[in-house]
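Taking it in order: structure first as structure tokens, then the write-up.
Below, all heavy atoms of this structure are taken into account, side chains as well, without hydrogens, waters or symmetry copies.
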Amino acid sequence: MTGARATVPGGRTRTSIRDCPAGVVLLTDRRVAREPLVDVVAGALGGGVRWVVLREKDLPRAERLALAVELRAILAGVGGTLIVAGPDPLDGDAVHLPAAGPYPPPRLGLVGRSCHDAAELARLTTEDYATLSPVLPTRSKPGYGPPLGPEGLRELVAASPVPVLALGGIETPDHVSACVDAGAVGVAVLGALMRAPDPAATAATLGSAFEEAAPTATREGTQ
């Protein structure tokens, strides 16, 4: 990953889009996947996904590490990146942390943080990007919210010191377009890809919507 950080109000630095996930980002959940998790991920990569967040936090570390190794291998074949949910990078260099902590974030090559409101965004320090959720009602976490909606997302994106991925209930091309229009550099998708009969086709459809809606600078960040 290449790029630079620019100073923003408050003395923080804003990460270049080239440094962080963008486009369609896949979040894993083997419990809802229609096929074995590795097969679903491989299908999504065939449809253009290049960023994958490994969740599966209920697995013992040894099993989760083995899964991370397998996923990194198939991502390497397409120039993709694996991000591990939680503070343990599983022998890698990229993590996505929960809003609750740890603070300060670890010093790694890529660090993301889950955020849900302006107060959580204000706690960001050296993180490279954030997710904002839930944007829309979601089947993965019913009742979690209330949803931000596109306008709520737009307001929080404007307040964020780092690039933002929209998360939660994003299932259609129109959803993708609305999130990009609100300023998100990408969309984090779980259910729509995990449950898809054809993950490659679904990824390609959502990716095309992103390409059509995104500014040139944002599209470059997916490469």
Side-chain angles (χ1 to χ4, degrees), residues 21-92 94-99 110 112-114 116 129 131-145 147 165-176 179 184 186-210 222:
V24 178
V25 178
L26 171 62
L27 276 62
T28 74
D29 188 340
R30 71 190 189 286
R31 293 167 297 185
V32 302
R34 290 175 64 105
E35 302 292 341
L37 183 60
V38 173
D39 293 344
V40 174
V41 172
L45 299 185
V49 167
R50 294 297 178 264
W51 297 88
V52 175
V53 178
L54 173 61
R55 296 170 75 246
E56 320 309 325
K57 291 188 282 187
D58 60 311
L59 288 176
R61 187 182 190 278
E63 291 182 31
R64 200 164 177 243
L65 175 59
L67 182 55
V69 169
E70 190 170 5
L71 293 179
R72 286 190 184 109
I74 61 174
L75 277 157
V78 296
T81 300
L82 183 72
I83 303 170
V84 179
D88 180 359
L90 298 176
D91 296 347
V95 295
H96 185 87
L97 304 174
L110 180 69
R113 175 84 67 183
S114 294
H116 310 88
Y129 74 94
T131 58
L132 281 171
S133 65
V135 175
L136 300 168
T138 170
R139 285 187 286 170
S140 299
K141 291 185 177 180
Y144 189 81
L165 298 175
L167 168 64
I170 299 166
E171 299 188 349
T172 70
D174 285 345
H175 293 162
V176 174
C179 291
V187 293
V189 179
L190 192 154
L193 286 170
M194 287 288 108
R195 300 185 182 97
D198 187 342
T202 299
T205 297
L206 297 179
S208 293
F210 171 80
T222 67

Could you grab the distance from atom CG of Leu193 to atom CG of Leu26, nearest 0.5 Å is fine? 5.5 Å
Counting only N and O atoms by type, is there a donor-acceptor contact under 3.5 Å from the side chain of Arg195 to the main-chain atoms of Ala33? no
Donor-acceptor pair, distance only, cut-off 3.5 Å: does the side chain of Arg113 make one with the backbone of Pro98? yes
Less than 4.0 Å between a side-chain N and a carboxylate O, is that true for Asp58 and Arg30? yes
Is Glu35 atom CD crowded by more than 12 heavy atoms from other residues, nucleotides or ligands, each under 6.0 Å away? no
Would you call Lys57 and Asp88 a salt bridge, taking side-chain N to carboxylate O under 4.0 Å as the test? no
Measuring from Ser114:OG to Leu97:CG, what's the distance to the nearest 0.5 Å? 8.0 Å
Working to the nearest 0.5 angstrom, can you tell me the gap between Leu136 CG and Glu171 CD? 9.0 Å
Would you indicate whether the side-chain heavy atoms of Val95 and Leu110 approach each other to under 4.5 Å? no
Taken to the nearest 0.5 Å, the spacing of Leu82 CG from Leu67 CG works out to 8.0 Å
Please walk me through it: do Arg34 and Asp39 pass salt bridge (charged side-chain N to carboxylate O under 4.0 Å, His left out)? CA-CA 10 Å; Arg34 290 175 64 105; Asp39 293 344; over 6 Å; no
To the nearest 0.5 Å, what is the distance between CG (Leu206) and NE2 (His175)? 10.5 Å
Can you tell me how far the CG atom of Leu54 sits from the CG atom of Leu37, to the nearest 0.5 Å? 7.5 Å
For the pair Glu56 (side chain) and Asp29 (backbone), establish whether a donor and an acceptor sit closer than 3.5 Å, ignoring hydrogens and angles. yes
